[in-house]
Q: 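Mind looking over this structure? Questions follow.
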Amino acid sequence: MKVRTRSDLAKLRSDGLSTLYPPGLRISVGMATCGLAAGAAEVYDALHDEADRLGLYLMLIPTGCIGYCQQEPLVDVRVSGRGRLLYARVTPDRARNMIASLAAGDLPAEGALAYIPEENSELSKPSEALAGVPLLNELPFYSQQRKIVLRNSGLIDPVSLEEYIAREGYQSLALALLDDTPQGVIDHVLDSGLRGRGGAGFPTGRKWQTCHGIQAQSKYIICNGDEGDPGAYVDRTVLEGDPYSVIEGMTIGGYAIGAREGFIYVRDEYPLAIERITQALAQAEKLGLLGENIFSSGFDFNASIVRGAGAFVCGEETALISSIEGGLGEPRPRPPFPATSGLWGKPTIINNVKTLATIPAIIRHGADWYASIGTEGNTGTVVFSLVGKVANTGLVEVPLGLTLYDMIESIGGGGLNGKQVKAIQTGGPSGGCLPTALYNLPITYENMTQAGSIMGSGGMVVMDEDTCMVDVARYFLGFTMAESCGKCTPCREGTRYMYDILTRITSGEGTLKDLELLEEVAEWVKTASLCGLGQTAPNPVLSTLRYFRDEYEAHVKDKRCPAGFCRALIRLTILPDLCTGCGLCQRECPVGAISGEKKKLHVIDQELCTHCRLCYNICPEGAVEIVR
Ligand SMILES: Cc1cc2nc3c(=O)[nH]c(=O)nc-3n(C[C@H](O)[C@H](O)[C@H](O)COP(=O)(O)O)c2cc1C
């Protein structure tokens, strides 16, 4: 069947509704890459086999990321008429018990993280048996979230186009093609205030308008799914959990700018995302939602995948274009910007995964609706992968304008294991480290840049008192140095030069002169590099020098690492009062530096010790001390 009319779409919608909200039982397991890494596949198998053994009829679905990665494997159990329960950290054993309870007619409260009332139902509180289970939107992790980009992730079956359609999917494409002109679509995007979510925050409507205004035989639209920042996995998760909204957004974009061909550029390290997108493209083609004469509108659009080799610089738009053309993944100077001269010299729009996934929601619910979320000039939501030394980790989608405090303390639950948060890193290697003194800063594009970081494309890494900020700067510099394509001298040589200085400092061989030199070279690399990689590479250095200069000075003046991290500047000893002589450290020490008889005090040979801190991390009594 080809979808040619709105009633064809309505027919598919009712098919989707019957699997999304079946009578009886539906169990969804969060099986994005994050869930799989936590053991979701084993949980899925246990649920499947036990239900089979007990003859329990149910619909079992592998869904995308449910968001609260900290609590994975997550299992969502829906009983029609009774609502949904979200179970956390499910093991195969617990999964089997769960099936046994469900087979006996119970909705077990044990291990339930939250209750989610049935959609469109008046029932807002769980039954008495579940009285102790909080509502999902009462959990601090979820209470301030507003899901637009992630509206379907963790809810639909990512290989069921019908379920996507049941959640209003393809209504927006129908609206755009049947009721609107390309200029009308661009006007909605302009009015919504949407800014590109790939990092720089350029207004999407303005970019589309430029491209739309150019007469050309061919134009292209590209989805940027390169996502190379350490700590960021939002785009991967969207592609894994809801590939359809990205494809629909891209098709609408193609219509708006006058492109008939699109490319989805995804790094090859994202095999599940590639699989999901491949399936989604094939399904959309089969139903006529890609191809010729979509919705009988006369508009033709095709899309395909390009697998990137995983170079960070290929996320930069001109390098990405070169990579698709089969050339080296190297940037070129702009202008001309891709919107006027891009892929094969033709006008090309490049948008981030999240930007495109937002488009259908704007067309469906209106520009005013979108513009009413967030703040003036920073409308809508932003999605972060909240990771690092924070109690609650996972994907967080919040209205722009929330403060860093809201993100880290309210949603994130503060430092891991009760430790004090020291810094928040956003924007990956192009971003910076902000201190908790800026906790009240509302998260907007301008605020982040003025504070010395950038919004970036989704990574938010939390650092605590045990993190050495000089080492963090060195880590990111090491990354950009390795990922620099080498085409321009400031980036190629400058990142290496800065890295060498940082290595000297963390080894206890730095001088105060090195700090001056570091700042000087950082400014030079920032201003003289060809592309955004080099222009932003010094940000981690400059922001840590700005906010954590005392740590740099302690390294160079006192030869001390206040966080107790830099190997050359610490010593490990065993505290006689606490050591029980269990021998664990002796057995595990990789260089044989620890000796001692069973049940007697152990000692570390300072000559042999490499300061790897394994003993510190494993000692059950906390008897190993770091001398800073
Ligand atoms: C070194 C570097 C890496 C980048 N990586 C990405 C990326 O992985 N994903 C992305 O969408 N944008 C990335 N960008 C930004 C893109 O060049 C481009 O601005 C963006 O894809 C435009 O989409 P948007 O308007 O929707 O934000 C990167 C930029 C630089 C300089």
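Bear in mind the structure is a predicted one, so any value in this text is a computation, not a measurement. Both ligands and their constituent atoms are indexed starting at 1 by order of listing. Just so you know, residue 1 is the first one in the sequence shown, and it goes up from there.
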Q: side-chain hydrogen bond (donor to acceptor under 3.5 Å, both in side chains): which pairs involve residues 221-239, sequence neighbours left out?
A: D226-R267, E227-Y270, D235-N352, D235-K354

Q: Just jot down the ring pair (Phe, Tyr, Trp, His ring centres under 6.0 Å) partners of Y405, sequence neighbours excluded, or say none.
A: Y439

Q: ring-ring contact (aromatic ring centres under 6.0 Å, His included) for F295 and Y170? Distances and angles first, verdict last.
A: CA-CA 10 Å; F295 280 117; Y170 280 100; 7.3 Å; no

Q: How would you list, by chain and number, the residues with a heavy atom under 4.0 angstrom from ligand 1?
A: G196, R197, G198, K207, N224, D226, E227, G228, F312, G315, E316, E317, I350, N351, N352, T355, G532, L533

Q: Does the side chain of N392 come under 3.5 Å of the side chain of Y68 through a donor N or O and an acceptor N or O?
A: yes

Q: What side-chain hydrogen bond (donor to acceptor under 3.5 Å, both in side chains) pairs are there with at least one residue in residues 532-543, not counting sequence neighbours?
A: S430-T536, K526-N539

Q: Going from CG on L239 to SG on C223, what distance comes out if it is rounded to the nearest 0.5 angstrom?
A: 6.0 Å

